[in-house]
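To start, the structure under review is shown below, and the notes come after it.
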Number of protein chains: 2
Amino acid sequence: METTHRTEQQRSADQRRRELLEAADRVVLRDGPQASMNAIAAEAGITKPILYRHFGDKGGLYRALATRHTDALLANLRSALDAPADRRRRVEATLDTYLAAIEARPQVYRFLMHPSEETGGGQQPEHGFDTGRHSAPVLRRMGEELARVIAERVDLGPDSEVLARVWGHGIVGMMHAAGDWWLGERPCTRAELVRGLADLLWGRLERVDDRVDSPGF
Amino acid sequence: METTHRTEQQRSADQRRRELLEAADRVVLRDGPQASMNAIAAEAGITKPILYRHFGDKGGLYRALATRHTDALLANLRSALDAPADRRRRVEATLDTYLAAIEARPQVYRFLMHPSEETGGGQQPEHGFDTGRHSAPVLRRMGEELARVIAERVDLGPDSEVLARVWGHGIVGMMHAAGDWWLGERPCTRAELVRGLADLLWGRLERVDDRVDSPGF
DNA sequence: GACTGCGGTTACCGCAAGTAACATGCAGGG
DNA sequence: CCCTGCATGTTACTTGCGGTAACCGCAGTC
């Protein structure tokens, strides 16, 4: 019975954890990333210490939530990136998938991109110079993923390892910043944005003509 | 005498404000963005309520600080963008200027990119769906600036207004994300990173060959 | 029937943002 | 000379949140 008991307990604990995450999700969706632990606990119908038993601290809960959403988003992007079509089409499909995701659930997007709080897991002693860790993990993961795909699929010559990662993170950052701006101002349709970004990646910057009345860009 | 008195008061108040900002700068540089108002007040040799009289709330102080640094950075970027050289050289110079800045003062960089806290200035009633405002203002300003330069100097055909802004924000995002990753992992020299990003913008993505053993990217 | 493990709660600590109310120093005006 | 006005500064408080300690009750087990 010991084993049965254990697994049953385990299953129940995991299920509980999932329920708590669902509740937290609802609250974050409603109140934004500054949702308090009290509010989340209340939504789940329990009290704070239980949350802490499950997730350690607020950062832990947020990381668990973020991981779920990030995994889902990455799965979507992967499938767009793996679709059977020519390269340009796939790039456009991937951009569109990302933009559609942030358009559909902006609160989730905002939560994922929020690096805030997170004293950082005990870097109290160091107290400074821990730069480069403030960007949202989802961006890092997307960048690495894209780097892998680039390195796998195209031939960049010598230094392709590093170059692929530069491009991966750069492209992801481009997509992110443009998407964020677009979501705030809505200056054009999604398709137009996709087209513009794909054009940028496709070297139109090189081929574009100078204006006759300017020193060139 | 009224006027003399007023202006004198004003000048003194402005000077005081500058001193307070200097102090805040030192503390943020030392403690990171989570520097407390108490700590800043102490550094300035005074107490909290004075800070609140000058800046309203923490967000106000942070905004004032951020504006100072952002202005300085933008001035540097502008001069790189205006240097007399061909387009590729100027793009590389601008990238290098940005990367050199974040390399030289990573704490400042981290502070500027930190959108955190900031309940947002009275959007309590709206309570949600205010997406697109979480990105650091410095990125938005850089994006708009670059958009202006692009729109001024090159001919993008119809829809050049919107397209220039798409590109501006996209390129800035690329620079930011790549820089952030680079600063954290230091996988190559600054010059190599600049080269890689400039190559990406220069259309190498289009011309690069597929690997023989892959379905292409 | 006492023992133990687990899900749960109340009640607290520490700390930071923000504020109210009080003190002090210094113009000018009767 | 004293009183008023006003800016500057302080102490001492409130509120709210992250995080924790200590206690509660109820399975099941020997």
Side-chain angles (χ1 to χ4, degrees), chain A residues 1-21 23-24 27-28 31-65 114 116-124 127, chain B residues 1-20 23-24 27-28 30-65 114 116-122 124:
Chain A
M1 287 307 108
E2 239 285 332
T3 60
T4 334
H5 186 63
R6 258 273 159 263
T7 57
E8 187 177 293
Q9 289 284 111
Q10 199 67 22
R11 204 199 64 82
S12 154
D14 281 13
Q15 182 146 345
R16 201 89 186 87
R17 185 187 168 95
R18 260 190 298 275
E19 288 170 19
L20 297 185
L21 280 177
V27 176
V28 166
D31 295 358
Q34 75 279 7
S36 82
M37 292 298 263
N38 261 325
I40 294 174
E43 170 73 28
I46 44 126
T47 50
K48 268 194 303 178
I50 306 187
L51 283 183
Y52 284 96
R53 283 228 249 273
H54 277 273
F55 301 103
D57 62 351
K58 187 170 182 164
L61 199 171
Y62 277 41
R63 246 172 281 126
L65 260 185
H114 206 64
S116 94
E117 23 270 303
E118 313 259 356
T119 312
Q123 36 84 285
Q124 206 78 352
H127 214 60
Chain B
M1 290 312 106
E2 239 284 334
T3 59
T4 335
H5 185 63
R6 261 272 160 266
T7 56
E8 187 178 294
Q9 291 282 113
Q10 201 67 23
R11 202 200 65 81
S12 156
D14 281 12
Q15 182 147 344
R16 199 91 188 87
R17 185 187 169 96
R18 260 192 298 276
E19 288 170 19
L20 297 185
V27 176
V28 166
R30 178 158 37 79
D31 295 358
Q34 75 278 8
S36 83
M37 293 299 261
N38 260 325
I40 294 173
E43 171 73 27
I46 46 133
T47 51
K48 268 194 302 177
I50 305 187
L51 284 182
Y52 284 97
R53 283 228 252 272
H54 276 273
F55 300 104
D57 62 351
K58 188 170 182 165
L61 199 171
Y62 276 41
R63 245 173 282 125
L65 260 185
H114 205 65
S116 94
E117 23 268 303
E118 312 259 355
T119 314
Q124 205 79 352

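As a basis for the values below, the full set of heavy atoms in this structure was taken, side chains included, without hydrogen atoms, waters or symmetry mates. So you know, we letter chains A, B, ... as the sequences are listed, proteins then strands, and number each from 1.
- Counting to the nearest Å, the C1' atom of dA16(C) and the CG atom of Asp31(B) are 14 Å from each other.
- Rounded to whole Å, atom P of dG18(C) lies 16 Å from atom NE2 of His54(B).
- Residue Leu65(A) is tested with Leu21(A), Leu20(A), Ile40(A) for a side chain to side chain contact (heavy atoms under 4.5 Å, CB included); the sole match is Leu21(A).
- For the pair Ile40(B) CD1 and dA16(C) P, the computed distance is 12 Å after rounding to whole Å.
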Given the rule in the side chain to side chain contact (heavy atoms under 4.5 Å, CB included) test, do Arg16(A) and Ile46(A) qualify, once you have shown the distances and angles that lead to the verdict? CA-CA 11 Å; Arg16(A) 201 89 186 87; Ile46(A) 44 126; 3.6 Å; yes
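- Going from atom CD of Gln15(A) over to atom C1' of dG7(C) covers 15 Å, rounded to whole Å.
- Toward the 5′ end of DNA chain C lies the nearest nucleotide of Gly45(A), the other residue of the pair Ala35(B) and Gly45(A) mapping further downstream.
- Taking each heavy atom of Leu61(B) and Phe55(B) in turn, the nearest pair found is N-CB, 3.6 Å.
- Taking atom CG on Leu51(B) and atom C1' on dT19(C), their separation rounds to 14 Å, with Å as the unit.
- Listed nucleotides: dG18(D), dT9(C), dG18(C). Nearest to the side chain of Tyr52(A): dG18(D).
- Here the side chain of Pro49(B) is nearest to one of dA20(C), dG18(D), dA17(C), namely dA20(C).
- As rounded to whole Å, 14 Å separates atom C1' of dA16(C) from atom CG of Asp57(B).
- Contact record, Ala64(A) with Arg17(A): CB-NH2, 3.8 Å, taken as the closest heavy-atom pair.
- The residue among Arg53(A) and Lys48(A) whose nearest nucleotide of DNA chain C lies closer to the 5′ end is Arg53(A).
- Between Arg16(A) and dG8(C) there is a side-chain polar atom (N or O) within less than 4.0 angstrom of OP1 or OP2.
- In this structure, Thr47(B) reaches the bases: a heavy-atom distance under 4.0 Å links it to at least one base atom across the strands shown.
- Nearest approach of Tyr52(A) to Met37(A), heavy atoms of both residues: OH-CG, 3.5 Å.
- What separates CZ of Phe55(A) from P of dG18(D) is a distance of 15 Å, to the nearest Å.
- Base contact: Ile50(B) has a heavy atom under 4.0 Å from a base atom.
- Here the C1' atom of nucleotide dA11(C) and the CG atom of Asn38(A) are 13 Å apart, to the nearest Å.
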